[in-house]
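Got a structure for you, questions after.
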Amino acid sequence: MNDNIVLIGFMGVGKSEVGRVLAAGLGMKYVDTDSLIEKDQGRSISDIFELRGEAYFRDLESKLLEKMKDSKKQVISTGGGMVLREGNVKKLKALGPLVLLTSRADVIEKRLGSSVDRPLLKGKDRAKKIVDILKTRDPIYNKIADLIVDTSDASPAKAADVIVEFYEGMRK
Ligand code: S3P
């Protein structure tokens with residue numbers, strides 16, 4: 001482990017918000033895998049999905065993790081589907097503890113609002129899509145998580161406090 005903290009979980013659970021607060025509190029760098037991919041590719045995640053498809057995006061995620069293997073002292077926020085590949089999970093675990101953020105489906109839906117930058121939730125019946133994808137992903141998220149923090153009713157600061165306590169306890 002390299003003193004990083006890896007945030008995993010579904011879209012809209014607050015990985016970016018919590019991650020930023022957490023990184024600031026611990027004096028660590030905050031990075032977001034989606035933003036790194038967008039920067040590298042020079043286009044948005046939505047455009048990558050539309051132009052090249054999901055499998056191509058998943059390959060980009062795996063390649064990025066390979067490049068990140070020497071990262072140190074970073075709070076790493078991952079795209080919600082990053083952990084769908086077992087190889088990615090292995091690489092993430094080598095970077096640091098996996099902190100799973102969760103939220104109720106209704107809260108996720110509300111948080112995402114009408115945002116159009118989540119290709120997997122495009123189109124009609126977003127609430128059902130959220131519930132369906134969560135159903136297939138929850139067992140994976142829960143199985144690999146070292147800590148689970150429910151952010152449904154917690155502020156980013158409160159969630160970050162819980163993670164700091166865990167992280168400091170782990171390093172004693
Ligand atoms: C995805 C989540 C998104 C982004 C892409 C796919 C997913 O990231 O990587 O749209 O499969 O859950 P966020 O979890 O940061 O929204």
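For ligands, and for the atoms within them, numbers begin at 1 and follow the listed sequence.
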*Are Lys91 and Glu66 ion-paired here, with the side-chain N under 4.0 Å from a carboxylate O?*
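Answer for the salt bridge query: yes.
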Please produce the table of protein N or O atoms sitting under 3.5 Å from N or O atoms belonging to ligand 1, one pair a line, distance to 0.1 Å.
{"residue": "ligand 1", "atom": "8 (O)", "partner": "Asp34", "partner atom": "OD2", "Å": "2.7"}
{"residue": "ligand 1", "atom": "9 (O)", "partner": "Asp34", "partner atom": "OD1", "Å": "2.8"}
{"residue": "ligand 1", "atom": "9 (O)", "partner": "Asp34", "partner atom": "OD2", "Å": "3.1"}
{"residue": "ligand 1", "atom": "11 (O)", "partner": "Arg58", "partner atom": "NH2", "Å": "2.7"}
{"residue": "ligand 1", "atom": "11 (O)", "partner": "Gly81", "partner atom": "N", "Å": "3.4"}
{"residue": "ligand 1", "atom": "11 (O)", "partner": "Arg137", "partner atom": "NH2", "Å": "2.8"}
{"residue": "ligand 1", "atom": "12 (O)", "partner": "Gly81", "partner atom": "N", "Å": "3.3"}
{"residue": "ligand 1", "atom": "12 (O)", "partner": "Arg137", "partner atom": "NH1", "Å": "2.7"}
{"residue": "ligand 1", "atom": "12 (O)", "partner": "Arg137", "partner atom": "NH2", "Å": "3.4"}
{"residue": "ligand 1", "atom": "14 (O)", "partner": "Lys15", "partner atom": "NZ", "Å": "2.5"}
{"residue": "ligand 1", "atom": "14 (O)", "partner": "Gly80", "partner atom": "N", "Å": "2.9"}
{"residue": "ligand 1", "atom": "15 (O)", "partner": "Asp34", "partner atom": "OD2", "Å": "3.2"}
{"residue": "ligand 1", "atom": "16 (O)", "partner": "Arg118", "partner atom": "NE", "Å": "2.6"}
{"residue": "ligand 1", "atom": "16 (O)", "partner": "Arg118", "partner atom": "NH2", "Å": "3.2"}

*Hey, are Asp32 and Lys15 close enough for a salt bridge, meaning a charged N less than 4.0 Å from a carboxylate O?*
no
_Salt bridge Arg52-Asp47, side-chain N to carboxylate O under 4.0 Å_ =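 Judged by the 4.0 Å cut-off on N to carboxylate O distance, Arg52 and Asp47 do not form a salt bridge.
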*asked:* Once rounded to the nearest 0.5 Å, what's the spacing between atom OG1 of Thr102 and atom CG of Asp150?
replied: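 If we round to the nearest 0.5 Å, Thr102:OG1 and Asp150:CG are 4.0 Å apart.
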*Sidechain N-carboxylate O distance under 4.0 Å for Arg104, Asp153*: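 Counted as a salt bridge, because a side-chain N and a carboxylate O are separated by less than 4.0 Å.
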Side-chain donor-acceptor pairs under 3.5 Å in residues 75-89, sequence neighbours left out?
{"residue": "Thr78", "atom": "OG1", "partner": "Leu7", "partner atom": "O", "Å": "2.7"}
{"residue": "Arg85", "atom": "NH1", "partner": "Arg58", "partner atom": "O", "Å": "3.4"}
{"residue": "Arg85", "atom": "NH1", "partner": "Asp59", "partner atom": "OD1", "Å": "3.0"}
{"residue": "Arg85", "atom": "NH1", "partner": "Ser62", "partner atom": "OG", "Å": "2.9"}
{"residue": "Arg85", "atom": "NH2", "partner": "Asp59", "partner atom": "OD1", "Å": "2.9"}
{"residue": "Asn88", "atom": "OD1", "partner": "Ser62", "partner atom": "OG", "Å": "3.0"}
{"residue": "Asn88", "atom": "ND2", "partner": "Met82", "partner atom": "O", "Å": "2.9"}

